[in-house]
Protein chains: 2
Amino acid sequence: MTQDGRRLRGLRSREAILEQAVGLASVEGLDGLSLGRLAAATGTSKSGFFAHWRDKEQLQLDAVEWASRQWTERVVVPAMQAPAGVRRLFALHEARLRFYGEGVLPGGCFFFAVQAEVDDRPGTLRDRVARAMREWQEFIRRQVAEAMALGELAESVEVAQLAYEIDALGEMVIIHSRLADGPASLVHARRAVLQRLRALCPDPTLLPED
Amino acid sequence: MTQDGRRLRGLRSREAILEQAVGLASVEGLDGLSLGRLAAATGTSKSGFFAHWRDKEQLQLDAVEWASRQWTERVVVPAMQAPAGVRRLFALHEARLRFYGEGVLPGGCFFFAVQAEVDDRPGTLRDRVARAMREWQEFIRRQVAEAMALGELAESVEVAQLAYEIDALGEMVIIHSRLADGPASLVHARRAVLQRLRALCPDPTLLPED
DNA sequence: TACATTAACGACCGATCGTTTGTATAGTTG
DNA sequence: CAACTATACAAACGATCGGTCGTTAATGTA
């Protein structure tokens, strides 16, 4: 199982295809992502995919994996460089908004585009997407709990409640920025969480004023 | 152009088909809603649709119209029975949550399922969906502004900001309840808006405590 | 009664879907 | 070098897609 040149070349095109697939899926969803169009976008042939994946579902599963790793690298990891507590919590929110604002994915958010498709369709794909989202929300909850343990959030805070609010205010940027408000929703989402955290934090100077 | 029996019969099946279409689209989206499956669900034939609609896009446009009216009847109208101001604002939020919680549509929310599909695809359909959503958000903003005019919200409130928060906290119930938290997200969404309004309202007794 | 219109249908069209098959080729191993 | 393996392809498959066509039965109008 040594990685010789063949596998290396294969891995390279595999990664290139997955990157394209995640980008396309963030726009058209996992169903709209047809093998024909993906082939055209990557400059390969439809049948070439089956050298890398047994069927379309395997490709979709790997795309979910790829999107998860991308999210971790571009959102979670940068936020972890902020000091633990309420500052890291807000850094996490800002990192997400930066991800959206910079247009890393042409459709904004891979998981948002995919949720509506899989949530009513049981199967491995749905399970994998649901797990990724549960891990993400659990991660937010951990940051909230840590901020509380550090005394940086009022004791009256309920962890799951605040975590829901932070996630909701961030995620909805995708909808609002694309169909209605445009970039203004980024400002609204940032301020909503910032003011909420400042109101709950005994030492608001930990957070920017505006 | 008098409405004789033929047209009446046509209208009846037209409405029945549209109701099915909106329900199916709330689950599978407007693309997933294929004419073949819609025909099977309504017990008619594919080709029968073309007696009512020129092509699929016209059916989709009418489905958007139907979903808009349903939303108005089931959410907006009931909320308007509450006294203007902060109580009506919260009644609007609760009416939405009731709509989701009761499972009026099998997929939860028609517009949520459709947004991700149309937002990157210019055309009449996208325009119509975007208009419906802009009207809804503008309606929320009007209620916020009215509550402020009545002195039921602190003067520091920015209308668009608060409206964004209320809408985001409500809409995200669809995602969270279907892939992660389940019904708990309804509780989170309700409490988030309730506490936010109570904190901003000079007379919190206008709103329930919990 | 004679005629027009409508709802609804079955059969079929070209296009595209995911997938299979067979093949050519480049890289690795004995 | 020969034998083998992984990559990639063109061609074709059955299924399904949105849509057309011609027809039938029912309902209206003159």
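In what follows, chains carry the letters A, B, and so on, assigned in the order in which the sequence lines appear, proteins first and then strands, with residues in each chain numbered from 1.
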Gap between atoms CZ and C1', on B:Phe50 and C:dC12 respectively (whole Å): 13 Å
Whole angstrom value for the distance that separates P of C:dG18 from CG of A:Leu30: 12 Å
Selection residues 79-94 of chain B - residue pairs positive for side chain to side chain donor-acceptor pair (under 3.5 Å), sequence neighbours left out: B:Glu94-B:Arg190
Separation of atom CD1 in B:Ile17 from atom P in C:dA7, rounded to whole Å: 11 Å
Pair A:Glu158 + B:Arg191: basic N to acidic O under 4.0 Å: yes
Gap between atoms CG and C1', on A:Leu33 and C:dG18 respectively (whole Å): 12 Å
salt_bridge(B:Asp210, B:Arg198) N-O dist < 4.0 Å: no
Pair B:Asp120 + A:Arg178: basic N to acidic O under 4.0 Å: yes
B:Gln60 CD - D:dG19 C1' separation (whole Å): 14 Å
Any A:His52 side-chain N or O less than 4.0 Å from OP1/OP2 of D:dA8: yes
Ionic contact status for B:Asp181 with A:Arg134, cut-off 4.0 Å: no
What N/O pairs connect the protein and nucleotides 13-17 of chain D at under 3.5 Å? Give each pair on its own line.
from: D:dC17; atom 1: OP1; to: B:Ser34; atom 2: OG; distance (Å): 2.9

Residues in side-chain contact (heavy atoms from CB on, under 4.5 Å) contact with B:Arg128, at least two apart in sequence or another chain: B:Leu61, B:Val64, B:Glu65, B:Ser68, B:Arg131, B:Ala132
Rounded interatomic separation in angstrom, taking CG from A:Leu38 and P from C:dC17: 11 Å
Closest to side chain of B:Asp55, choosing from D:dA8, D:dG19, D:dC9: D:dG19
Polar pair under 3.5 Å, donor/acceptor by atom type, side chain B:Ser47, base C:dG10: yes
A:Asp167/A:Arg96 salt bridge by N-O under 4.0 Å criterion: yes
Length of the CZ-C1' vector between A:Phe49 and C:dC17, whole Å: 14 Å
Nearest to side-chain heavy atoms of A:Ser13, which nucleotide of C:dT20, D:dG19, D:dA8: D:dA8
Nearest listed nucleotide, side chain of A:Ala51, among D:dT20, C:dA8, D:dA8: D:dA8
